[in-house]
Number of protein chains: 2
Amino acid sequence: MNFSKKNETLKAYLDAKGMKSTTQRDFIAETFFKTTTHISLEELLGKVRKKHSSIGYATVYRTMKLLNECGLAIDRQFGDGQSRYENIPEDGHHDHLICIKCSKIVEFQNQKIEQLQSESAKKHGFTVLNHKLELYGYCPDCA
Amino acid sequence: MNFSKKNETLKAYLDAKGMKSTTQRDFIAETFFKTTTHISLEELLGKVRKKHSSIGYATVYRTMKLLNECGLAIDRQFGDGQSRYENIPEDGHHDHLICIKCSKIVEFQNQKIEQLQSESAKKHGFTVLNHKLELYGYCPDCA
DNA sequence: ATGATAATAATAATCATTTTCAATTGCAAG
DNA sequence: CTTGCAATTGAAAATGATTATTATTATCAT
């Protein structure tokens, strides 16, 4: 996989802030870009440590905060007490079903909903760039 | 104000779980039902203690968790490290159009979207109690 | 290579939320 | 109306995620 565009964005952001590119930052970012779901910091650290076993918690936290700031990661809270970061997918946006009992998260897509959102927005003269749809309830196991 | 319907829902939920109705629970719920914004646990405790000064943190946390579980409160996280709860208005749920430039917020409702949400949820075996839909973009003035 | 500066890993500290537990309360059967 | 017992409570301790600290190490322009 090639993340040259994302890497470019990150590098530009670091430059602009007078920050440096490091082995750890690059590897954490690279690892994150390969993910497809909303990964928790702990899970990400696990993946990262398979190659670089000495990378610490704080570095992952700091790096993900950076990626969020430069628009490469979306910070999401699903109410289970953990922050998760979502890699911005190449193939479009997905919405979430969240179990309020066991915190299970299921992704789904519904093109019609997206379409209706655009209509509602247009009705109020809004130009929508981004949206967030979360449905809360009980999953099959907790119903 | 009269919250008989909400109180009924809460009582039914407690009954079904073999839980009891208590002075503290009732008062915390009543206090919460009067709120109109996203109140933090700490703020709610403050309001509650004006009348019942000895009610503890844990009881407020436990009660709000209950209200969330039976669909009477929406748990919201704004990324500031605190949980907030939103009281569900009597006249139905509102979705939000949010301007990323001037922060204007417009509420809207779309019955078809709600319907499609139910369908998506059912497809995954979820029972949805509440939802959150936020559309981010530019309002007419900022477009 | 050197030096100034930023970044890191490990650790401790912080802060919101949960759990624990002894004391209290609600409720239903008698 | 009392009694008995399970559920609930408040206070304090514990937990768990996140952040700050600090000595050490890595980066990069010179």
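Residue numbers begin at 1 in each chain, while the letters A, B, ... track the order of the sequences.
- Of the listed nucleotides (dA7(D), dA9(C), dA17(D)), dA7(D) has the atom at the smallest distance from the side chain of Met19(B).
- Of the listed nucleotides (dC27(C), dG10(D), dT27(D)), dC27(C) has the atom at the smallest distance from the side chain of Lys20(B).
- The side chain of Tyr61(B) lies closest to dA16(C) when the candidates are dT19(D), dA16(C), dT8(D).
- Listed nucleotides dA17(D), dT9(D), dA9(C) differ in distance to Gln24(A); the shortest reach to its side chain belongs to dA9(C).
- Across the protein-nucleic acid pair, Tyr57(A) atom OH and dA9(C) atom P stand 14 Å apart, rounded to whole Å.
- Applying the 4.0 Å criterion to OP1 and OP2 of dA26(D), one finds that Thr23(A) has every side-chain N and O outside that range.
- A donor-acceptor pair under 3.5 Å links the side-chain atoms of Arg25(B) to the main chain of Lys20(B), judged by distance alone.
- Looking at the side chain of Thr22(A), the nearest of the listed nucleotides dT8(C), dA16(C), dA9(C) is dT8(C).
- The phosphate of dA17(D) (OP1 or OP2) has no side-chain N or O of Ser83(A) nearer than 4.0 angstrom.
- One atom, CD of Glu43(A), and another, P of dT18(D), lie 12 Å apart when rounded to the nearest Å.
- For dA16(C), neither phosphate oxygen OP1 nor OP2 lies less than 4.0 angstrom from any side-chain nitrogen or oxygen of Ser40(B).
- Here dT9(D) presents its P atom at 8 Å from CD1 of Ile55(B), a figure rounded to the nearest Å.
- In this structure, Gln82(A) atom CD and dA16(C) atom P are separated by 18 Å, rounded to whole Å.
- Remark: the Arg62(B) side chain and the dG10(D) base include a donor-acceptor N/O pair separated by less than 3.5 Å.
- Look at CG on Leu44(A): it is 15 Å from C1' on dT18(D), rounded to the nearest Å.
- Distance alone, capped at 3.5 Å, places no donor-acceptor pair between the Asn87(B) side chain and the Thr36(B) backbone.
- Within the helix from dA1(C)-dT30(D) to dG30(C)-dC1(D), the inter-axis angle between the opening and closing five-pair segments is 40°, rounded to 10°.
- Remark: Ser83(A) engages Leu41(A), Asp75(A), Gln77(A) in a side-chain contact (heavy atoms from CB on, under 4.5 Å) (not counting sequence neighbours).
- Ring-plane geometry between Tyr85(B) and Phe32(B) is classed as perpendicular, the angle between the planes exceeding 60 degrees on a 0 to 90 degree scale with a lower cut at 30.
- Note: His96(A) and His38(A) have perpendicular aromatic rings, judged against thresholds of 30 and 60 degrees for the angle between ring planes.
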